[in-house]
Amino acid sequence: MKPAVTYELLHECKQTGARRGVVHTPHGDIQTPVFMPVGTQATVKSMTPEELKEMVGAQIILSNTYHLYLRPGNKIVKEAGGLHKFMNWDRPILTDCGGFQVFSLSDLRTISEDGVEFKSHLDGSKHFFSPESVMEIEEDLGADIIMSFDECCPYPSTYEYTKNSMERTTRWAKRCKAAHKTVDKQALFGIIQGGFYKDLREQSAKDLIELDLPGYAIGGISVGEPKEEFLDILRYTAPLMPKDKPRYLMGVGTPDYLIEAAIAGIDMCDCVLPTRIARNGTAMTWSGKVVVRNATYERDWGPLDPECDCYTCKNYTRAYIRHLIKANEILGVRLLSIHNLRFLTKLMERVKIEIERDNLGTFKEEFYRKYGYTR
């Protein structure tokens, strides 16, 4: 049986080795490398699906298994016809496995070989996630790409803890594959763990690749470690992943990390960052961050970013957006969200072009200088 999701490699950058490709899914093709906006609760905060398509150019969005299981419930979403119909989004969707959220509850959960017992952050009620129950939830949600249930180690963790966690993640992945029924409609991706120990990363990748899943992700980095450690593990792990399948780096959304991910050979990244910092009055621009709520912008009649083609920059000034943010008007958050999401989408469009030109390394240096990143 042909997998629901396949990867087509179009070009490799001669300068960096970055990949330009296409991920084929039941709800359309995804041009890669791509940044994926996060719609935790079946919505990208403050944005309509039409805005995401027309103003942002989003190709795929994520939703969160843990949150949708708790509210409104996966059976409600299934009854609605799945996430696509429920949220009126006709492009690809990826659902995470809920593992990161469950393990973030540290004092509210208990891990065993069977799965994880946890208390809801909403009302304290007790729940249990196993590989089998997570597969049932994700199948009910109906996303194109679903993630296997994993354990995300905190940073830092001891070698012994990380090894036990990584081996359990592999055993859980095997159980997920055995329980996964909708192979023709949904692609199950495995998640490579192993913390910041290279031998564990290598073992995790080897064991998961033997399962012959349609795609693979790197989990457990970008969790608070120094950038040098992030880059070291990213650059070590990405080449271990199959070249003929999609490669996904979980939880990455700053411009420098997105460019570094592409250079390492990653196809897909996601993060809540662009809408989260929008709620704090911050914009990403081609010349660096702009904290528009600051007093310096009170009489600034220019756009957030003169180089940006988004709806916000074409129509509104920094002074007006600052006023909206200071007054707690929802429009301010919406305008900043549109801009930040469009900025990252546009950045990845540029990354694709520079890969095709065999020029991504040079572009990275130019972008770093202009954005204000120090080496």
Side-chain angles (χ1 to χ4, degrees), residues 1-9 19 21-44 47 49-50 52-53 56-69 74 77-100 131 134-150 173 176-177 179-191 208 211-219 241-242 244-251 266-271 345 348:
M1 183 186 295
K2 183 183 176 184
V5 169
T6 57
Y7 177 77
E8 179 184 359
L9 178 64
R19 292 150 49 103
V22 185
V23 177
H24 302 286
T25 84
H27 285 88
D29 291 347
I30 305 162
Q31 302 295 324
T32 64
V34 64
F35 173 76
M36 307 181 286
V38 176
T40 301
Q41 309 203 59
T43 174
V44 177
M47 303 285 292
E50 292 74 22
L52 286 169
K53 287 191 278 192
V56 172
Q59 300 183 68
I60 173 174
I61 59 175
L62 270 72
S63 283
N64 184 270
T65 293
Y66 165 82
H67 286 284
L68 293 174
Y69 159 77
N74 49 295
V77 175
K78 182 180 182 181
E79 196 176 317
L83 268 179
H84 289 91
K85 288 190 177 178
F86 187 55
M87 64 188 295
N88 190 32
W89 176 258
D90 59 4
R91 293 182 181 179
I93 298 175
L94 184 153
T95 46
D96 61 16
C97 65
F100 181 80
V134 167
M135 285 298 94
E136 181 181 344
I137 295 164
E138 291 198 84
E139 287 173 2
D140 285 347
L141 296 176
D144 303 82
I145 298 170
I146 63 177
M147 305 305 298
S148 60
F149 193 45
D150 70 326
C176 283
K177 182 179 179 181
H180 178 39
K181 302 184 189 73
T182 53
V183 179
D184 58 329
K185 297 175 183 175
Q186 296 179 294
L188 173 65
F189 282 22
I191 303 175
L208 290 172
L211 296 180
D212 193 26
L213 300 170
Y216 292 91
I218 300 175
M241 304 166 85
D244 61 345
K245 294 178 180 181
R247 297 170 170 178
Y248 168 29
L249 175 59
M250 307 179 81
I266 295 296
D267 306 302
M268 307 159 67
C269 297
D270 78 284
C271 196
T345 302
M348 298 314 287

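Note that this is a predicted model, so its numbers are computed, not measured.
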Exercise. Report the C-alpha separation of His180 and Ile146 in whole Å, then their side-chain angles, then the decisive distance to 0.1 Å, and conclude whether the side-chain contact (heavy atoms from CB on, under 4.5 Å) test is met.
Key: CA-CA 10 Å; His180 178 39; Ile146 63 177; 3.7 Å; yes
Quiz item: Would you say the side-chain atoms of Gln41 pair up with the backbone N or O of His67, donor to acceptor, closer than 3.5 Å?
Solution: no
Quiz item: Rounded to the nearest 0.5 Å, how far does NE2 of His27 lie from CG of Leu83?
Solution: 10.0 Å
Quiz item: Do the non-hydrogen side-chain atoms of Ile218 and Ile266 ever get within less than 4.5 Å of each other?
Solution: yes
Quiz item: Side chains of Asp29 and Glu8: closer than 4.5 Å at any heavy-atom pair?
Solution: no
Quiz prompt | Closest approach of Gly190 to Leu208 (non-hydrogen atoms, all atoms of both residues) | solution = C-CD1, 4.5 Å
Quiz item: Where do Pro214 and Pro3 come nearest, in terms of heavy atoms and distance?
Solution: CB-CB, 4.1 Å
Quiz item: Could you state the interatomic distance from CE (Met250) to SG (Cys271), rounded to the nearest 0.5 Å?
Solution: 11.5 Å
Using distance only, find each side-chain donor-acceptor pair of residues 87-95 under 3.5 Å and give its atom names and separation, not counting sequence neighbours.
{"residue": "Asn88", "atom": "ND2", "partner": "Glu50", "partner atom": "OE2", "Å": "3.3"}
{"residue": "Trp89", "atom": "NE1", "partner": "Arg91", "partner atom": "O", "Å": "3.0"}
{"residue": "Trp89", "atom": "NE1", "partner": "Pro92", "partner atom": "O", "Å": "3.0"}
{"residue": "Asp90", "atom": "OD1", "partner": "Lys53", "partner atom": "NZ", "Å": "3.0"}
{"residue": "Arg91", "atom": "NH1", "partner": "Ala58", "partner atom": "O", "Å": "2.8"}
{"residue": "Thr95", "atom": "OG1", "partner": "Glu138", "partner atom": "OE1", "Å": "2.8"}

Quiz item: How many angstroms lie between NZ in Lys78 and CD in Glu136, if you round to the nearest 0.5 Å?
Solution: 7.5 Å
Exercise. Give the minimum heavy-atom separation between Ser148 and Ile191, together with the two atoms involved.
Key: O-CD1, 3.5 Å
Quiz item: Do the side chains of Leu188 and Met135 get nearer than 4.5 Å, heavy atoms only?
Solution: yes
Quiz item: Given side chains that start at C-beta, do those of Asp140 and Val77 come closer than 4.5 Å, heavy atoms only?
Solution: no
Quiz prompt | Backbone N/O of Ala187 and side chain of Asp144: donor-acceptor pair under 3.5 Å | solution = no
Quiz item: Glu139 side chain to Lys181 main-chain N or O, any donor-acceptor pair under 3.5 Å?
Solution: yes
Self-check item: Heavy-atom check, side chain of Met348 versus side chain of Val34, under 4.5 Å
Solution: no
Practice problem: Please check if the side chain of Gln186 supplies one atom and the backbone of Ala143 the other of a donor-acceptor pair under 3.5 Å. | Solution: yes
Quiz item: Which value, rounded to the nearest 0.5 Å, describes the distance between Met147 atom CE and Asp96 atom CG?
Solution: 8.5 Å
Quiz item: Which heavy-atom pair separates Ala80 from Lys85 by the least distance, and what is that distance?
Solution: O-CB, 3.7 Å
Quiz item: Side chain of Tyr69, backbone of Ile137: donor and acceptor closer than 3.5 Å?
Solution: no
Quiz item: Which of these passes side chain to side chain donor-acceptor pair (under 3.5 Å) with Tyr248: Asp267, Thr32, Asp270?
Solution: Asp270
Quiz item: From Phe86 CZ over to Glu79 CD, what is the distance, rounded to the nearest 0.5 angstrom?
Solution: 10.5 Å
Exercise. Identify the two heavy atoms, one from Ser63 and one from Leu68, that lie closest to each other, and give their separation to 0.1 Å.
Key: CB-CD1, 3.8 Å
Quiz item: Can you check whether Tyr7 reaches Arg19 side chain to side chain, under 4.5 Å on heavy atoms?
Solution: yes
Practice problem: Could you tell me whether a side-chain N or O of Lys177 sits under 3.5 Å from a main-chain N or O of Leu213, the two making a donor and an acceptor? | Solution: no
Quiz item: How long is the gap from CE on Met1 to CG on Asp184, to the nearest 0.5 Å?
Solution: 5.0 Å
Quiz item: Quick one: does Thr65's side chain get under 4.5 Å of Cys97's, heavy atoms only?
Solution: no
